[in-house]
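Each remark here refers to the structure printed beneath this line.
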Amino acid sequence: MREKVVTIEQHILNQERKYPEATGEFSGILNSITLAAKIISREVNKAGLVEILGLTGGRNVHGEEVRKLDDYAQNVFVNTFEDSGHLCMMISEESDTVIEIPPDKPSGKYILSFDPLDGSSNIDANVSIGSIFGIFRQKSSGKEPTEEDVLQPGRELAAAGYVIYGSSTMLVYSTGHGVHGFTLDPSIGEFLLSHEQIHTPKKGKIYSVNEGNYSDWDDNLKRYIKSLKEPTAAETKPYSMRYIGSLVADFHRNLLYGGIFLYPGDARNPNGKLRLLYEAIPLAYVVEQAGGAASDGEMRILDIKPDSLHQKVPLVIGSEIDVKTCEKYFKGIL
Ligand code: AHM
Ligand code: MG
């Protein structure tokens, strides 16, 4: 057992102290994410109880409306940040357009992109789900953010991370100085440092992909996956296949154990399924900070300049050597 516990708030403060010019605004955003994560975690943990305690007609025993957890998580993020004074804008999977800060509320110089509850189709089966976030700085100098602020490449991120609501709730974040993981202790309501400086293995033994889409794959992708299942003599043991179908959970496992996650483009969906701004980019930032890599099959995810808010992107992410090998197959070099 550790002699001294470090809460996420202390950790954020310690990071801030390294920058004398820091105003505390950035730390404020991270603390607000922590709060949103705790509130969503509490609700996710009682998800199954809605069936028992809840009612028909969308109201629970307290007479409160029973909302879909996606909507609930979206509202938690928006309500937490609308009044914070740190943001000039939000981008969410759950909102068709950008979310502006109302004129009567204080506004700041950061932009938050987020997926409030990813993998939510898994909730009813008690499978892990997550929230994903990225924080950009406002680039333009005017009061109102511009398109240049909305569509920034991932390399401009100031911070990113995710929350996984699993057998325990964990928050993992990076501000560009490594990746740190915190586990929620529900008895004291605090995220405690549990994974300091996460380094992902350079090469893994796991691959994660929805192989049900096999018949829509191109030959290069088929050859790559075959090479993992039927390795040549030099690499005798085949990779294990692990696929939860919940991006944060699949990503988190591979980050810790090493491996590769793919949601590739195929004949039916040329750009795959996952979204660039609030799914691929934040996780690409985290994986690179942990020593891994993320690509669309040809180029680094963090170098892609987004051209629309909900743009999809093929995603190949995980251990560096695995991602580079996969790229070679995609380019026909291997
Ligand atoms: P969502 O944003 O609608 O929840 O969908 C995203 C999820 C990811 O968590 C997961 O990686 C992917 O969808 C799984 O898709 P599929 O069922 O096609 O394999
Ligand atoms: Mg999602």
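One-based numbering, in listed order, for ligands and for the atoms of each.
Here the angle centred on the Mg ion (ligand 2), running from OE1 of Glu93 over to OD2 of Asp115, is 80°, rounded to 10°. Rounded to 10°, the angle that OE2 of Glu279 and OD1 of Asp118 form at the Mg ion (ligand 2) is 90°.
Judged purely by distance below 3.5 Å, without hydrogens or angles, the side chains of Thr7 and Glu190 never pair a donor atom with an acceptor atom. If you check the side chains of Asp322 and Tyr239, you find a donor sitting under 3.5 Å from an acceptor.
Judged by a 6.0 Å distance limit and a 45° cone about the ring axis, Lys222 is positioned over the six-membered ring of Tyr214.
Formation of a donor-acceptor pair under 3.5 Å by the Arg275 side chain with backbone atoms of His310 is found in this model.
A 6.0 Å sphere centred on CD of Glu100 holds no more than 12 heavy atoms belonging to other residues, nucleotides or ligands. Counting heavy-atom neighbours within 6.0 Å of Lys105 NZ, excluding the residue itself, gives a total above 12.
Residue Leu247 touches ligand 1 through backbone and side chain together, judged by heavy-atom distances below 4.0 Å.
Heavy-atom proximity to Glu279, at under 4.0 Å, picks out these atoms of ligand 1: 2 (O). Every atom of ligand 1 is numbered from 1 in the order shown, and the set under 4.0 Å from a heavy atom of Tyr243 is 14 (C), 15 (O), 16 (P), 19 (O). Listed by number with element, the atoms of ligand 1 under 4.0 angstrom from any heavy atom of Gly245 are 9 (O), 10 (C), 14 (C). Atoms of ligand 1 found under 4.0 Å from any heavy atom of Ser246, numbered from 1 in the order shown, are 9 (O). Heavy-atom proximity to Ser120, at under 4.0 Å, picks out these atoms of ligand 1: 4 (O).
Nearest protein heavy-atom contact of atom 6 (C) of ligand 1 is Asp118 OD1, 3.4 Å. The nearest heavy-atom contact from the protein to atom 4 (O) of ligand 1 is Gly119 N, 2.8 Å.
Note that the CG atom of Asp185 and the OG1 atom of Thr169 stand 11.0 Å from one another [nearest 0.5 Å].
In this pair, Tyr173 and His11 present their aromatic rings perpendicular. The plane angle is above 60°, beyond the 30 to 60° band.
Below 3.5 Å of separation, one finds an N or O of Tyr263 facing an N or O of ligand 1. Of the polar atoms of Leu117, none of the N or O atoms is found under 3.5 Å from an N or O of ligand 1, judged by distance alone.
By heavy-atom distance, the residue among Arg275, Glu94, Lys273, Glu93 lying nearest atom 13 (O) of ligand 1 is Lys273.
Among all heavy-atom pairs drawn from Gly161 and Val286, the shortest one is CA-CG2, 3.9 Å.
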